[in-house]
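Taking it in order: structure first as structure tokens, then the write-up.
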Amino acid sequence: MVDVSKIRQLIHRLSPLLSWRPKVPPAFIEFARRYLFRFTPNFFVWGTAVLLLTFLVALLLGKIFLTGNTASQQAVSTGQRVLIQVATGDVEGNARHTKKERDTAASAANAPNANTPIISKEGLAPAPLEAISAQTDSGLVPMVGHDGTLPWKYYARPYKGDTKRPVVAVVITRLGLSKPQTDEALKLPHMFTLSFSPYASDARKWAKTAREEGFETLVDLPMQSADYLITGADPGAYGLLVDATPNENSTRLRWALSRFPGFVGLLAPENENLTSNVSTIRPTLIELAGHGVLFLYFKTPQNVGLADLVKARQFYALGIDKVVDDDIEPGPIDKQLSDLTTLAKSQGYAIGFAHSYPPTLEALSRWTDTLSTQGVDLVPVSAIALRIFP
């Protein structure tokens with residue numbers, strides 16, 4: 001039973017505290033009476049002022065954080081080199097994509113319209129073809145058919161020119177990351193080979209459009225760069241790494257292979273360091289042979305041993321001879337394209353690599369007008385592969 005007397009005693013003891021009020025200096029009371037109380041607005045005015053202030057702060061923060069993106073877009077549109085960073089998690093050799101990302105990629109690949117055949121208006125074979133496709137945990141990927149049909153030959157853009165005539169192929173990379181630059185690339189002659197970034201959110205749509213127009217397509221293959229340990233340059237969540245296990249690299253490779261159908265091969269980036277180590281790149285080449293697609297890499301003094309491996313094992317790998325836009329000024333680009341043409345004449349064929357910078361696309365357009373007078377044909381990269389791997 002509650003003891004009422006004790007409660008009364010407790011209230012009596014606390015009464016001084018409950019009755020306490022802060023002592024306000026008389027000077028402050030006089031100041032408030034004279035200058036503050038007479039200007040106190042009503043609730044509506046206060047609410048409006050707070051909302052207005054909140055809007056201004058949000059506008060300022062948006063300008064601060066979005067200016068960098070706008071500057072990057074402006075730099076890209078003017079042809080400047082821009083480092084595109086891809087957010088990743090673990091920087092070790094573990095698989096750094098989440099289950100949610102895998103499920104998203106798989107659901108996109110298995111969407112009702114994902115496997116709708118792509119019909120080109122210039123005679124390229126419909127893609128994907130079920131007989132040379134396989135379903136994986138990442139989505140639909142190309143695979144050598146039971147009858148030996150190779151996807152890179154089936155999806156190749158037809159070329160019926162003189163087999164003794166010098167030919168040159170130019171691969172344009174990093175498409176799909178910039179809409180204006182990708183749109184401009186699609187205006188080029190259809191003998192150029194277009195390579196789309198697997199990280200582009202609309203990679204499937206862009207590649208479908210390109211193939212419908214008559215372009216042969218590749219997939220940019222993310223790979224660890226030579227200065228990875230020095231600068232921390234990240235190849236992205238699905239990049240192949242030197243220290244990753246073969247299974248981990250295989251998982252990432254299948255993801256790249258599933259991004260869109262109808263491509264003839266994968267394109268290694270500049271300055272990668274996997275091809276310089278034969279034991280590191282061998283599992284990837286073996287897997288790509290099973291998928292029946294081409295692998296394009298840059299010829300460097302560090303990876304000369306790769307050519308011997310390719311020849312001995314008959315991998316479908318092609319070495320790129322020249323980057324045409326290390327310097328994106330029109331003069332140097334024109335010079336590199338001229339050298340590429342000369343190389344094609346001397347060895348019968350040559351492969352060039354170009355970015356989708358506006359100055360590069362303009363130079364490529366001018367260059368194609370001069371090739372016929374020099375006795376050289378511009379061809380898709382598969383036409384050169386057919387000469388090497390008939």
Side-chain angles (χ1 to χ4, degrees), residues 132-134 136 141-157 167 169 171 173 193 195 198 216-224 226 235 238-242 244-259 262-322 347-353 379-390:
I132 53 173
S133 302
T136 69
V141 300
M143 193 67 67
V144 176
H146 292 298
D147 61 354
T149 300
L150 295 170
W152 76 263
K153 288 188 176 182
Y154 177 82
Y155 294 132
R157 177 187 168 88
V167 293
V171 179
T173 187
T193 302
S195 189
E216 188 170 278
T217 59
L218 298 171
V219 181
D220 291 342
L221 180 61
M223 299 173 74
Q224 178 178 311
Y238 298 94
L240 274 60
L241 303 177
V242 171
T245 66
N247 285 340
E248 290 166 347
N249 278 338
S250 177
T251 299
R252 296 166 189 172
L253 179 63
R254 286 196 304 275
W255 179 84
L257 290 167
S258 70
R259 293 300 285 154
F263 59 88
V264 300
L266 286 86
L267 175 66
E270 303 167 88
N271 197 34
E272 53 77 28
N273 67 343
L274 273 77
T275 57
S276 59
N277 189 320
V278 171
S279 61
T280 299
I281 197 64
R282 182 185 286 109
T284 298
L285 293 178
I286 293 173
E287 186 165 357
L288 289 177
H291 288 287
V293 295
L294 301 174
F295 175 65
L296 276 73
Y297 67 96
F298 290 85
K299 296 178 181 177
T300 67
Q302 289 73 33
N303 63 17
V304 290
L306 180 58
D308 296 331
L309 173 65
V310 169
K311 185 176 181 180
R313 295 292 301 271
Q314 296 183 335
F315 292 129
Y316 300 114
L318 298 173
I320 295 173
D321 298 292
K322 188 176 290 293
Q347 67 180 19
Y349 61 85
I351 302 176
F353 174 97
V379 299
V381 73
S382 63
I384 294 178
L386 285 170
R387 291 194 177 188
I388 302 174
F389 315 113

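Being a predicted model, the structure only gives us computed values, none of them experimental.
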Tightest non-hydrogen contact, residues P151 and G292, listed as CD-O, 3.3 Å
Under 3.5 Å, is there a donor on one side chain and an acceptor on the other for S250 and R254?
yes
Say you draw a straight line from CD1 of I281 to CG of L306; how long is it, rounded to the nearest 0.5 Å?
7.0 Å
Does Q347 CD have over 12 foreign heavy atoms under 6.0 Å away?
yes
Identified side-chain contact (heavy atoms from CB on, under 4.5 Å) counterpart of R252 within the set L241, T284, L221
L241
List the steps, then state whether side-chain contact (heavy atoms from CB on, under 4.5 Å) holds for V144 with T149.
CA-CA 6 Å; V144 176; T149 300; over 6 Å; no
Is there a side-chain contact between I132 and H146 in this structure, where contact means two heavy atoms from C-beta onward sitting under 4.5 Å apart?
no
Would you say that L288 contacts Y316 through its side chain, given a criterion of any heavy-atom pair below 4.5 Å between the two side chains?
no
Keeping R157 on the side-chain end and P380 on the backbone end, is there a donor-acceptor pair under 3.5 Å?
no
Heavy-atom closest contact (A268 atom, Y297 atom, distance)
CB-CA, 4.0 Å
I want to check something: taking the side chain as every heavy atom from C-beta on, are F315 and L309 in contact at a cut-off of under 4.5 Å?
yes
Can a side-chain donor-acceptor contact be found between N247 and T245 if the only test is distance below 3.5 angstrom?
no
Whether T300 side chain and N303 backbone form a donor-acceptor pair below 3.5 Å:
yes
Which is it for I384 and I388 under the side-chain contact (heavy atoms from CB on, under 4.5 Å) test, yes or no, and what are the steps along the way?
CA-CA 7 Å; I384 294 178; I388 302 174; 4.0 Å; yes
So, taking the atom named CG in D220 and the one named CE in M223, what distance separates them when rounded to the nearest 0.5 Å?
12.0 Å
Is a side-chain N or O of E272 found less than 3.5 angstrom from the main chain of T275, in a donor-acceptor match?
yes
T217 versus T193: any side-chain heavy-atom pair under 4.5 Å?
no
On the 0 to 90° scale, with breaks at 30° and 60°, tag the W255-Y238 ring pair as parallel, tilted or perpendicular.
parallel
Check for a donor-acceptor pair, side chain of D321 on one end and backbone N or O of I351 on the other, with a separation under 3.5 Å.
yes
Residues passing the salt bridge (charged side-chain N to carboxylate O under 4.0 Å, His left out) test with K311, sequence neighbours excluded, are none
Any side-chain heavy atom of I286 within less than 4.5 Å of one from P283?
no
Using the side-chain contact (heavy atoms from CB on, under 4.5 Å) rule, take L257 and V219 through it: C-alpha gap first, then chi angles, then the decisive distance, then the call.
CA-CA 8 Å; L257 290 167; V219 181; over 6 Å; no
What's the separation between atom CG in L150 and atom OG in S382, rounded to the nearest 0.5 Å?
12.5 Å
Mind checking whether V171 and L218 have side chains closer than 4.5 Å, heavy atoms only?
yes
Before we go on, tell me: are the rings of Y155 and F263 under 6.0 Å apart, centre to centre?
no
Within-4.5 Å side-chain heavy-atom neighbours: L240 and T280
no
Could you give me the CA-CA distance, side-chain angles and deciding distance for K299 and K322, then say whether side-chain contact (heavy atoms from CB on, under 4.5 Å) is met?
CA-CA 8 Å; K299 296 178 181 177; K322 188 176 290 293; over 6 Å; no
State, yes or no, whether a side-chain contact exists between V381 and E216 at a heavy-atom distance under 4.5 Å.
yes
Distance-minimising heavy-atom pair for P390 and R387:
CD-O, 4.0 Å
